[in-house]
There are 2 protein chains.
Amino acid sequence: MVVQELTDTEVDGIFHALSDTTRRDIVTRVILGEQSISALARHYDMSFAAVQKHVAVLERASLVTKERNGREQIVRGGMTTLRKAARLLDAYDEIWRQRAEALEGILAEGTKQIEIEADR
Amino acid sequence: MVVQELTDTEVDGIFHALSDTTRRDIVTRVILGEQSISALARHYDMSFAAVQKHVAVLERASLVTKERNGREQIVRGGMTTLRKAARLLDAYDEIWRQRAEALEGILAEGTKQIEIEADR
DNA sequence: GTAACCTACAACCAAATGGTTGTACAAGAA
DNA sequence: TTCTTGTACAACCATTTGGTTGTAGGTTAC
């Protein structure tokens with residue numbers, strides 16, 4: 001499925017980035033208000049370096065951006081990417097509904113036998 | 001963030017399951033029409049066992065269900081879980097919009113200085 | 001019956017993941 | 001200047017991941 005100018009690899013990265021509770025929590029915090037990495041790190045029971053790595057994963061997926069401000073690195077939310085992921089999942093729902101409608105149509109016809117992509 | 005009767009571990013599993021191109025493709029195929037595992041396997045350049053493992057990952061995340069029919073194992077889409085994931089991502093967008101509105105309100109006030117969860 | 005097919009599962013492997021500690025360096029504060 | 005803070009990055013480690021092959025058992029077809 002091709003949706004919204006995102007490559008498969010990019011989508012892989014987005015969902016991988018979101019597959020960790022700590023990283024999702026970081027996303028929540030930065031969209032509520034940008035934070036320095038060390039400010040973020042104080043919230044978690046792990047080393048600064050570990051949090052730094054989590055932020056790097058999110059940054060690679062364009063879910064957050066970093067911007068240096070003096071000695072601090074400010075992390076902000078990359079909402080467009082998050083929205084793209086949301087719309088991607090909506091697309092599955094869309095396919096599902098279309099298929100449901102198609103099936104209703106077939107049942108309404110009653111006579112024709114249509115094999116839907118059986119492929120076996 | 002707590003959303004929709006899903007534990008952190010479950011959400012981890014859902015996003016992890018979706019972080020692989022082959023697995024997303026399997027989801028697409030089964031919501032278009034349920035398929036046996038071997039029928040799915042023919043589409044990919046990897047062993048049957050590898051596809052079996054991918055299906056197992058999706059099943060653990062409740063993104064698909066399996067039902068035996070004779071010697072075949074029929075894979076179907078678990079759309080409710082997919083919808084929950086979509087709504088979860090929508091929730092981030094919701095937070096983002098609320099925050100944007102709050103910031104507008106602050107700017108409109110003009111006089112007060114409000115520190116939003118700076119935490120440093 | 002035998003043969004072919006579909007599935008399950010174990011064992012194995014290389015690579016990636018998620019954490020750690022340690023070192024180094026720049027920017028602010030005292 | 002010196003001290004502290006914030007960051008970057010390398011090295012290391014245990015575990016997980018994503019693939020393989022091989023073996024075994026249950027169905028269906030002939």
Side-chain angles (χ1 to χ4, degrees), chain A residues 7-27 29-30 33-76 118-120, chain B residues 8-27 29-30 33-76 117-120:
Chain A
T7 67
D8 282 343
T9 314
E10 286 170 338
V11 178
D12 287 2
I14 293 169
F15 284 126
H16 167 65
L18 291 172
S19 73
D20 181 278
T21 305
T22 303
R23 285 197 292 264
R24 285 193 305 277
D25 196 71
I26 291 176
V27 169
R29 288 186 189 279
V30 301
E34 57 271 2
Q35 311 244 339
S36 71
I37 300 181
S38 52
L40 286 169
R42 286 186 209 108
H43 293 287
Y44 307 104
D45 185 26
M46 63 182 77
S47 68
F48 171 82
V51 175
Q52 212 175 13
K53 282 190 180 184
H54 281 306
V55 171
V57 171
L58 290 167
E59 194 185 13
R60 244 181 289 137
S62 301
L63 285 169
V64 305
T65 59
K66 287 196 307 188
E67 188 183 332
R68 183 164 282 285
N69 185 332
R71 69 178 161 183
E72 289 183 334
Q73 197 74 266
I74 302 302
V75 184
R76 295 197 169 83
D119 217 51
R120 305 185 204 146
Chain B
D8 282 343
T9 313
E10 287 170 336
V11 178
D12 287 2
I14 293 169
F15 284 127
H16 167 65
L18 291 173
S19 73
D20 180 279
T21 305
T22 302
R23 285 196 292 265
R24 285 193 305 279
D25 195 71
I26 290 176
V27 170
R29 288 185 189 278
V30 301
E34 59 273 357
Q35 312 244 339
S36 71
I37 300 181
S38 52
L40 287 169
R42 285 185 211 110
H43 293 288
Y44 308 104
D45 187 25
M46 64 182 75
S47 67
F48 171 83
V51 175
Q52 212 176 14
K53 280 191 179 183
H54 281 305
V55 172
V57 171
L58 290 168
E59 194 185 13
R60 243 182 288 138
S62 301
L63 286 170
V64 305
T65 59
K66 287 195 307 188
E67 187 185 333
R68 183 165 282 285
N69 185 333
R71 68 180 162 183
E72 289 184 334
Q73 196 76 265
I74 303 302
V75 185
R76 295 198 169 81
E117 182 87 28
D119 216 53
R120 307 183 206 151

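Just the heavy atoms: all of them, side chains too, but no hydrogens, waters or symmetry mates, feed the values below. Order of the sequence lines fixes the chain letters, A, B, ..., with proteins taken first and strands second; residue numbering starts at 1 for each chain.
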Inset, instruction - Ignoring hydrogens and angles, tell me if any N or O in the side chain of A/Glu67 forms a donor-acceptor pair with the backbone of A/Ile74 under 3.5 Å. - result: no
Inset, instruction - Take A/Arg68 and B/Phe48, find for each the nucleotide of DNA chain C with the closest heavy atom, and name the residue whose nucleotide sits nearer the 5' end. - result: B/Phe48
Inset, instruction - Identify whether any heavy atom of B/Ser38 sits under 4.0 Å from a base atom; if not, whether one sits that close to sugar-phosphate; answer base, sugar-phosphate or nothing. - result: sugar-phosphate
Inset, instruction - Could you please name the option among D/dG19, D/dA8, C/dG19 that lies closest to any side-chain atom of A/His54? - result: C/dG19
Legend entry - N/O donor-acceptor pair, side chain A/Arg71 with base D/dT5, under 3.5 angstrom: yes
Legend entry - N or O in side chain of B/Ser47 less than 4.0 angstrom from D/dG19 OP1/OP2: no
Legend entry - Rounded distance (Å) that lies between atom P of C/dA8 and atom CD of B/Glu72: 12 Å
Inset, instruction - Check the distance between D/dT27's C1' and B/Ile37's CD1 and give it to me in whole angstrom. - result: 15 Å
Inset, instruction - May I ask you to say whether B/Arg24 pairs ionically with B/Asp20, meaning some side-chain N is under 4.0 Å from a carboxylate O? - result: no
Inset, instruction - Spell out, as yes or no, whether a donor-acceptor pair under 3.5 Å connects the side chain of B/Glu72 to the backbone of B/Asn69. - result: no
Legend entry - Atom pair distance, as rounded to whole Å: NE2 in A/His16 and C1' in C/dA15: 13 Å
Inset, instruction - Return the 5'-most residue of the pair A/Lys53, A/Lys66 with respect to DNA chain D, ranking by each residue's nearest nucleotide. - result: A/Lys66
Legend entry - Given C/dG18, C/dT7, D/dT7, the nucleotide with the shortest approach to the side chain of B/Gln73: C/dT7
Inset, instruction - Round to the nearest Å and state the distance from B/Ile74 atom CD1 to C/dA8 atom P. - result: 11 Å
Legend entry - Side-chain (B/Arg23) to main-chain (B/His16) donor-acceptor, under 3.5 angstrom: yes
Inset, instruction - Could you check how far CE of A/Met46 sits from P of D/dA14, rounded to whole Å? - result: 20 Å
Legend entry - Interatomic distance where CD belongs to A/Gln52 and C1' belongs to C/dG18 [whole Å]: 14 Å
Legend entry - Phosphate-side-chain proximity, B/Arg42 and C/dC6, N/O vs OP1/OP2 below 4.0 Å: yes
Legend entry - Atom-to-atom span, OH of B/Tyr44 to C1' of D/dT20 - whole angstrom: 19 Å
Legend entry - Distance in angstrom units between B/Arg24 CZ and D/dG18 C1', rounded: 15 Å
Inset, instruction - Output yes when a side-chain donor or acceptor of A/Gln73 lies under 3.5 Å from a complementary backbone atom of A/Arg68, and no otherwise. - result: yes
Legend entry - Pairwise 5' ranking along DNA chain C for A/Ala50 and A/Gly70, keeping only the more 5' one: A/Ala50
